[in-house]
Structures are given as C-alpha cells and as structure tokens.
Amino acid sequence: MPPTLSGATRLYVIVGDPIAQVRSPAGLTAAFAARGHDGILVPVQVAPADLSDFLAVATRLKNLDGIVATIPHKFACYQACASATDRAHFLRTVNLMRRRADGGWHGDMVDGLGFVGAARANGIDPEGMRSLLVGAGGAGSAIALALVEAGVREIAVHDASAERRDVLIEQLNRLGKGRALAGSADPTGFDFVANATPAGMGEGDPLPVDVARLAPSTYCGCVITKPEVSPFIAAARKVGCVTATGTDMYQQHQSIMVDFLLGG
C-alpha cells in the first residue's frame, strides 16, 4: 500500500548522475512504511560539478534526514561526512549518509555487504576462493573489502585506472588477510568474478571480462540494475555460471540501508 504523504513526511534523497537506473526509491519508501516510518526516498540527478552546492543546500533542509549516494558521488559524499563507520573510513567512500543530532552527516558504505549477501543467497560462499574484481571505484572497493572479510584467499583487481587499482590493492594487503594483486579482463582460473563497473548500462558497452574464458563453475555477480540482466550476466548464464544481478544485490542490502538511515 503506498504511503500517505503529508507535510510531516521525512525526506530522503538518492543522488547520482545518471539516476534513472536506480531501483531504491520504491523499495526503501515501502520499507519505511512497513516499519511505520513516515518517510520517502526521492531520486535527484546532480552532476559532479554541482554536488558540493547540492550538499550545502541539503545540509540546511530541516526535513531531510538521509542521503543515498550512487555513481559517481560516493567518494565526494564521504568528504562531506562529519563522521563515518570504520568500514567507510577504510574505503574513504560512502553510499549512505544519516543526519546527526548536530545537523552534520554520518556515513557508511554497505555495497559490499549486499554483493556478498547475494552470492550467499545463491549458495556461494566466497571463503577460500580466487576472486576477480573489475572496477576499483566506490562500489568495487566496498565489494573488495567484503570479499576479503568473507575469506577469499586471493583477489585480483582490474580497473581502467592503474593508480586507483594499485591504491586499493595496497589497502587490502595491509589487512593481512587474502592476497590482493593486479588482475586483467581474463577470468581464467577464478572461482568468483565481480563486475563493479557501469559497463553494460550503455548500448554497445564492452563486456567487463572475456566471457569466452569463463568456466561454468565460476560464480558471476554484477552491480548493474538497469538493464535488470546486464549483458555480462546474460553471457555468463549462457556459459552455465551461477549468477546474481544488481537487483539481487540491492534486495540483500535493503534492510541494512533502512536500519542505518533510521539510526540502527
């Protein structure tokens, strides 16, 4: 049943550029209602050059209680937080911002929890696996941390930016857990392949890995929610791989997002 809106309804926004692909406005708004919370999540498209101006205004809106950040704003939104969880500080990125009592923002990054949760929901436990991560941005960094925390023995990182890739690898190796190293678009020999790039959202985008080299036993996950089945996931399914979509990932971490935004 749709929420009844009024002047007392608390406002939350999801900010990104582009924004039409996001699925969370309906899901989080319904989840707020299910918990008896009078709140609504609204999509807002803001270009990177305008984000600082937007956040300056958002901070002054007295009925705005939370912000969800999506591409490409997760790193910049971290800089706007007055405080954050240890996970967000390690990654220096956030996808959630909750209003503090003093009016500032408290941040967290839960993309990795949703991604690993989607794998486990499909019967895949990453512990002991060799994993390949494509994309070392905000979502990719969070997924990398979650995979290392889940016990992968090795994680290879592939990114168009060698500098960004190497920074993430150095961070992960400081944890003293699974070994992190530079990867490529070749998925040969990997048990777990994660696409954390937008490749597949646009018509004619190249696939993030060479799918001809995928083994049927390899698990493949993707962060893309539109199209619902990305070209990478469609190709992996043809090979016979177990897969999870960006929507599967979102469904796994929706309750985590609501818990955080409501102060849990």
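Note that this is a predicted model, so its numbers are computed, not measured. When reading the values below, keep in mind they use all heavy atoms of this one structure, side chains included, and skip hydrogens, waters and symmetry mates.
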Which is it for Glu127 and Arg153 under the salt bridge (Lys or Arg N to Asp or Glu O under 4.0 Å) test, yes or no, and what are the steps along the way? CA-CA 7 Å; Glu127 186 173 5; Arg153 76 174 188 272; over 6 Å; no
Begin with the C-alpha distance, continue with both residues' side-chain angles, and end with the deciding distance and a verdict on side chain to side chain donor-acceptor pair (under 3.5 Å) for Asn195 and Thr197. CA-CA 6 Å; Asn195 174 45; Thr197 76; 2.8 Å; yes
Would you say [X]'s side chain and [Y]'s backbone share a donor-acceptor pair under 3.5 angstrom?
X      : Y      : result
Arg87  : Val110 : no
Thr9   : Leu5   : no
Thr245 : Ile233 : no
Asn63  : Arg10  : no

Between Val242 and Asn122, does the side chain to side chain contact (heavy atoms under 4.5 Å, CB included) criterion hold? Intermediate values first, please. CA-CA 7 Å; Val242 175; Asn122 278 279; 4.0 Å; yes
When you look at Thr243 and Arg237, which way does the side chain to side chain donor-acceptor pair (under 3.5 Å) test go after all the steps? CA-CA 7 Å; Thr243 66; Arg237 288 177 177 176; 2.9 Å; yes
Is it true that Phe115 and His253 have ring centroids separated by less than 6.0 Å?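 Between Phe115 and His253, the centre distance exceeds or equals 6.0 Å.
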Strictly below 4.0 Å, N to O, side chains only: are Arg35 and Asp259 in salt-bridge contact?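 Counted as a salt bridge, because a side-chain N and a carboxylate O are separated by less than 4.0 Å.
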If you measure from the Lys or Arg side-chain nitrogens to the Asp or Glu carboxylate oxygens, is any gap between Arg164 and Asp159 under 4.0 Å?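 Between Asp159 and Arg164 there is a salt bridge, with a charged N closer than 4.0 Å to a carboxylate O.
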Quick one: closest heavy-atom pair of [X] and [Y], and the distance?
X      : Y      : value
Asp108 : Ala88  : CA-CB, 4.0 Å
Pro126 : Ile124 : CD-O, 3.6 Å
Leu51  : Cys77  : CD2-SG, 4.3 Å

Which residue pairs satisfy the ring pair (Phe, Tyr, Trp, His ring centres under 6.0 Å) criterion with at least one member in residues 179-210, sequence neighbours excluded?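 The answer is Phe192-Tyr219.
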Check whether Phe75 forms a cation-pi arrangement with Arg92 (NZ or CZ under 6.0 Å from the six-membered ring centre, at most 45° off the ring normal).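 Cation-pi check for Arg92 and Phe75: fails.
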